[in-house]
Amino acid sequence: MAYTTISKSSEHFNTKLYTGSNYSNAQTGVGFQPDWIWFKRRDSAAQHSLIDSVRGVTKLLATDLTDAEATASDALTSFDSDGFTLGADSSNYINFNSATYASWNWKAGNSSGSANTDGSANNVKVSANTTSGFSIVQGDMNASGSWTFGHGLGVAPSLIILRGQNVTSHWFVYHKSLGAGNYIALNSTDASASNTTFMDNTAPTSSVFSMNAGTWSAGAGQKIIAYCFAEKTGFSKFGEYTGNGNSDGTFVHLGFKPAFVIIKSKGSGTHWRLADNKRDDVNPSTKQLFSNNNAAEATDSNYAIDFVSNGFKHRNTNSDLNQNAVNYIYMAFAEAPLVGSNNVPCTAR
């Protein structure tokens with residue numbers, strides 16, 4: 001048997017739960033220095049807040065909004081060797097007193113990015129983690145024409161989440177199961193859509209992904225930000241499954257015990273469900289958050305999912321997750337590989 005080179009998934013992705021305070025404090029226990037953190041308040045309605053090391057700690061984007069990035073000088077103040085430091089957060093994005101939060105943390109290249117000239121776009125910066133297959137890409141989207149952006153992964157990404165950084169923009173998701181020229185919006189319940197200008201109707205290569213200004217209504221000075229993921233055996237998987245409409249639901253084989261799963265149907269009218277192993281530490285997972293809205297966390301057995309040693313299994317008939325004959329895409333990151341490089345098998349919870 002060939003074992004994965006990532007024997008400890010938590011060195012590259014981890015979920016950190018914490019309680020806000022409205023004063024500066026360090027959150028430790030992440031297990032590494034994160035480069036991209038996705039924050040969501042759990043106990044009350046509040047926007048999702050995404051911060052990365054390439055744009056900088058003061059710049060926030062929200063998956064449930066199309067707004068250009070906001071600046072918050074005192075929300076997040078640093079990415080640290082074992083987590084991150086929160087500021088007083090006068091705008092109450094990610095550190096409101098006594099509020100509960102989830103943060104999903106990814107490690108890229110532990111940097112603000114290096115110049116990348118693999119593609120034709122201007123001012124491209126990349127922070128890449130080739131071990132886990134994750135990179136952050138920032139670059140200029142010029143006013144017309146087709147452009148390519150280097151992603152730094154060395155293999156073709158299976159998933160790219162991207163949007164305009166400094167302008168109003170949807171969150172465009174390229175997923176290998178949708179194919180080039182097709183996208184789905186992370187901020188919406190809309191169905192997947194076809195647009196030949198998206199990704200310039202060209203699949204990503206081992207060095208670049210393509211974009212056409214026609215997708216963006218791009219103007220002078222517009223930047224894009226992209227989060228790129230290459231599938232890594234035992235750590236990440238980006239695939240598709242078909243629901244069966246049964247409470248003894250569809251099983252999705254990942255080859256690892258999941259830590260974080262995001263699911264969306266290809267059809268319209270369904271949410272992007274976010275499930276992780278920290279907010280729900282026993283089966284089934286029933287605590288729901290959605291990337292496309294700001295709602296508080298709720299517990300609903302209609303969304304029940306079991307996280308098992310080699311994948312996840314639906315225990316629901318919900319149309320967001322397991323409607324009969326409906327196709328769904330997913331993104332999944334590991335808590336542990338089925339068998340790590342130490343030959344020790346993981347177990348179900």
### Query
Just checking, any donor-acceptor pair under 3.5 angstrom between side chains of N22 and N92?
yes

### Query
Counting heavy atoms not belonging to Y23, are there more than 12 under 6.0 Å from its OH?
no

### Message
Under the rule for side chain to side chain donor-acceptor pair (under 3.5 Å), what residues qualify as partners of S291, not counting sequence neighbours?
### Response
none

### Query
Would Y227 and D52 count as having a side-chain donor-acceptor pair, cut-off 3.5 Å?
yes

### Query
In terms of side-chain heavy atoms, does D35 have a donor or acceptor partner in S53 at a distance below 3.5 Å?
yes

### Message
Using side-chain hydrogen bond (donor to acceptor under 3.5 Å, both in side chains), reason through K257 and N277 one step at a time and then give a plain yes or no.
### Response
CA-CA 10 Å; K257 181 195 293 187; N277 63 341; over 6 Å; no

### R55 bridged to E69 by N-O distance under 4.0 Å
yes

## Note on the structure
Applying side chain to side chain donor-acceptor pair (under 3.5 Å) to W104 and not counting sequence neighbours gives D276

### Query
Does a donor on one side chain sit under 3.5 Å from an acceptor on the other, for N212 and S146?
yes

### Task
Kindly indicate, with the supporting measurements, whether the criterion side-chain hydrogen bond (donor to acceptor under 3.5 Å, both in side chains) is fulfilled by S120 and T148.
CA-CA 5 Å; S120 60; T148 54; 3.3 Å; yes

### Query
Do you see a donor-acceptor pair shorter than 3.5 Å between the side chains of T270 and K264?
yes

### Reported OG-to-CD1 distance for the pair S127 and I136, which is rounded to 0.5 angstrom
5.0 Å

### Message
Y241 vs F312, test: side-chain contact (heavy atoms from CB on, under 4.5 Å). Steps then yes/no.
### Response
CA-CA 11 Å; Y241 68 88; F312 61 91; 4.3 Å; yes

### Task
Could you walk me through whether Q165 and Q138 pass side-chain hydrogen bond (donor to acceptor under 3.5 Å, both in side chains), step by step?
CA-CA 9 Å; Q165 176 182 325; Q138 181 191 58; 2.9 Å; yes

### Query
Under 4.5 Å between side-chain heavy atoms, hopping through other hydrophobics if needed: is there a path connecting W38 to F84?
no

#### Entry: Candidate list F79, W36, F32, test ring-ring contact (aromatic ring centres under 6.0 Å, His included), partner W106, passing option
W36

### Query
When you check the gap from the basic side-chain N to the acidic O, do K176 and E231 get nearer than 4.0 Å?
yes

### Task
Identify which one of N318, I305, N292 satisfies the side-chain contact (heavy atoms from CB on, under 4.5 Å) criterion when paired with R273.
I305

#### Entry: OG1 on T250 to CD on Q323, rounded to 0.5 Å
11.5 Å

### D74 and S90 side chains, donor-acceptor separation under 3.5 Å
yes

### Task
Decide whether L289 and I51 are clustered together by the hydrophobic rule: side chain heavy atoms of Ile, Leu, Val, Met, Phe, Trp, Tyr closer than 4.5 Å, transitively.
no

### Message
Tell me which one of N324, T317, N322 satisfies side chain to side chain donor-acceptor pair (under 3.5 Å) with N244.
### Response
N322

### Message
Quiz question: by atom type and distance under 3.5 Å, do the side chains of N129 and H12 form a donor-acceptor pair?
### Response
yes

### Query
Is the backbone of V208 close enough, under 3.5 Å, to the side chain of T205 for a donor and an acceptor to pair up by distance?
yes

### Message
Using the rule given for ring-ring contact (aromatic ring centres under 6.0 Å, His included), can you reason through F333 versus F229, listing the C-alpha separation, both sets of side-chain angles and the distance that settles it, and then say yes or no?
### Response
CA-CA 11 Å; F333 300 90; F229 299 89; 5.4 Å; yes

#### Entry: Residues E240 and K266 bridged, charged N to O under 4.0 Å
yes

### Message
When you compare the side chains of D80 and S78, does any donor N or O come within less than 3.5 Å of an acceptor on the partner?
### Response
yes

### Message
Can you pull out every salt bridge (charged side-chain N to carboxylate O under 4.0 Å, His left out) where at least one residue sits in residues 130-158? Sequence neighbours excluded, please.
### Response
D140-K223

### Task
Please determine if K313 and D306 form a salt bridge, counting it only when a charged side-chain N lies under 4.0 Å from a carboxylate O.
no

